[in-house]
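Because the structure is predicted, anything quoted here is derived from the model rather than measured. Note that ligands are numbered from 1 as they come in the structure, with each ligand's atoms numbered from 1 the same way. Throughout, numbering of the chain's residues begins at 1 and tracks the sequence.
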Amino acid sequence: MKIVVLDGYTENPGDLSWGELEKLGELTVYDRTSVTDENEIISRIGDAEVVITNKTPITKNIMDACPGIKYIAMLATGYNVVDYVYAREKGIPLSNVPSYGTASVGQFAIAMLLELCHHVAHHSQTVHEGKWEHCQDWCYWDYPLIELDGKTMGIIGFGRIGQQTGKIAKAMGMNILAYDNYPNESGKEIAEYVDLDTLYAKSDVIALHCPLFPETQGIINKDAIAKMKDGVMILNNSRGPLIVEQDLADALNSGKVSGAGLDVVSTEPIKGDNPLLKAKNCIITPHISWAPKESRQRIMDHTVENVKAYLAGAPIHVVN
Ligand SMILES: NC(=O)c1ccc[n+]([C@@H]2O[C@H](COP(=O)([O-])OP(=O)(O)OC[C@H]3O[C@@H](n4cnc5c(N)ncnc54)[C@H](O)[C@@H]3O)[C@@H](O)[C@H]2O)c1
Ligand SMILES: O=C(O)[C@H](O)CO
């Protein structure tokens, strides 16, 4: 039984082992595969039964061209790169890895928020460049510094990661509002569930933690931004296409949005002409919330469990 990993490098750049997966079949691991050249993806999958991907897309065409595919496993929580509806129609189960990164991704959302509030990296860099040494005063700051205690965070998508972010923000004294189409009891202990318009109107910080679905694509656009408080801060370490980037760039440049922390953008790697690259007070990191070794080890372990469960005839963590 052939297993192919299409884009293994970011999961395992050399500090983990594919050994347990190797025990389950004839394993081929590609470090990276083109995300645009379907012929390359098709030829690499060949007649493999199990396809494992992180960000390499698996489209309808690819599934039709590779009839050997019987199971797809994500090296990720988000599964928007796979045509999961078509996979279901073809009887191909798709599993993701839930929970592996709840702690890291929540922590990263807060790291971006704290950077917006204090600009720690900027202040350290300017000190190293000599600005403090030559300062007339005993201290200086180059941006307004922001205290979070008593402010309100609105979280869109209040699942595992959203609730983790909410817990940390609450521990810093923030009031938490949440919007989710499936409110649950653990969420109610952290946040008040509200409708989207209320969340937009009342939040000082808005964090995106919902999956990328057709209905969430572009959820943050100029109309949504117009409903937000002046000076709101926006965090996104879920998926780039949740935001209409030109609309956010315009709002950052006008000051309507006072800052953004983004770990994801619409096209990754980022394109040089992405308007957010030149927008005011916009922190952008290269999709690394998930990447601490602890989290990637959990992806490896849970992927092995996912493939074992498929081989035993009872796939787990199926999302389609
Ligand atoms: N940047 C990274 O490195 C990184 C890492 C892991 C996950 N992610 C992203 O984070 C997302 C969330 O992960 P999670 O573990 O919290 O998933 P989860 O399934 O536990 O939570 C997602 C929540 O979003 C809600 N939701 C679905 N559709 C919605 C809608 N239309 N409006 C509002 N809420 C909606 C769901 O009901 C659920 O509660 C993933 O889908 C992925 O895109 C990013
Ligand atoms: O969805 C995820 O788990 C992250 O984007 C890493 O792939």
Side-chain angles (χ1 to χ4, degrees), residues 5-12 32 35 52-57 73-82 84 94-112 154-167 177-188 190-191 193-200 206-220 224 235-243 261-266 268-270 283-292 294-300 302-303 306 317-320:
V5 178
L6 290 170
D7 49 3
Y9 183 79
T10 54
E11 160 63 16
N12 177 15
R32 44 190 78 80
V35 293
I52 301 182
T53 180
N54 191 331
K55 295 290 172 278
T56 308
M74 301 300 309
L75 288 168
T77 301
Y79 51 90
N80 50 285
V81 298
V82 177
Y84 48 90
L94 165 68
S95 297
N96 76 342
V97 186
S99 304
Y100 80 88
T102 305
S104 311
V105 183
Q107 178 181 317
F108 201 91
I110 298 296
M112 293 192 297
I155 301 178
I156 300 177
F158 209 48
R160 295 174 184 88
I161 297 170
Q163 291 188 20
Q164 180 69 11
T165 301
K167 270 188 214 161
L177 301 177
Y179 171 75
D180 194 298
N181 27 13
Y182 297 101
N184 61 30
E185 288 310 312
S186 58
K188 285 180 194 160
I190 305 163
Y193 283 98
V194 293
D195 60 39
L196 257 189
D197 281 358
T198 305
L199 185 146
Y200 289 148
I206 293 178
L208 302 179
H209 289 301
C210 57
L212 175 60
F213 289 146
E215 64 272 23
T216 55
Q217 180 154 0
I219 190 169
I220 301 301
L235 308 174
N236 183 15
N237 60 347
S238 187
R239 285 292 182 265
L242 297 174
I243 293 179
L262 310 172
D263 184 45
V264 288
V265 292
S266 57
E268 296 174 354
I270 197 166
I283 293 166
I284 308 176
T285 51
H287 201 144
I288 51 173
S289 302
W290 70 291
E294 297 89 335
S295 294
R296 289 182 292 104
Q297 181 65 61
R298 279 190 287 272
I299 292 180
M300 189 66 89
H302 294 174
T303 298
N306 282 349
H317 303 135
V318 174
V319 292
N320 64 341

Task: Any N/O pair Trp290/ligand 2 closer than 3.5 Å - done: no
TODO: Would you indicate which of Gly106, Ala178, Ser238 comes nearest to atom 43 (O) of ligand 1 when only heavy atoms are counted?
DONE: Ser238
Open item on the list: Within the structure, is a non-hydrogen atom of Tyr79 found at a distance of less than 4.0 Å from ligand 2?
Closed with: no
Task: Closest protein heavy atom to atom 12 (C) of ligand 1, given as residue, atom name and distance to 0.1 Å - done: His209 O, 3.3 Å
Open item on the list: Among all the protein's non-hydrogen atoms, which is closest to atom 26 (N) of ligand 1, and how far away is it?
Closed with: Asn181 OD1, 3.4 Å
- [ ] Classify the angle between the aromatic ring planes of Tyr193 and Phe158 as parallel (below 30°), tilted (30 to 60°) or perpendicular (above 60°).
- [x] perpendicular
TODO: With Asn236 as reference, evaluate Val265, Ile206, Ile243 under the side chain to side chain contact (heavy atoms under 4.5 Å, CB included) test and give the passing residue.
DONE: Ile243
TODO: Between Asn54 and ligand 2, find which residue part has any heavy-atom pair under 4.0 Å and reply side chain, backbone, both or neither.
DONE: side chain
Open item on the list: Could you identify the single nearest non-hydrogen protein atom to atom 7 (C) of ligand 1 and state the distance to 0.1 Å?
Closed with: Ile161 CD1, 3.6 Å
Task: Short side-chain to backbone donor-acceptor contact, Ser238 and Cys210, under 3.5 Å - done: yes
Task: Which residue and heavy atom of the protein sit nearest atom 21 (O) of ligand 1, plus the separation - done: Gly159 CA, 3.3 Å
TODO: Give yes or no for whether the N/O distance cutoff of 3.5 Å, strictly under, is met between Ala76 and ligand 2.
DONE: no
TODO: Using a 4.0 Å heavy-atom threshold (strictly under), name the region of Phe158 that reaches ligand 1: side chain, backbone, both or neither.
DONE: backbone
Task: Heavy-atom gap Met74 to ligand 2 smaller than 4.0 Å - done: no
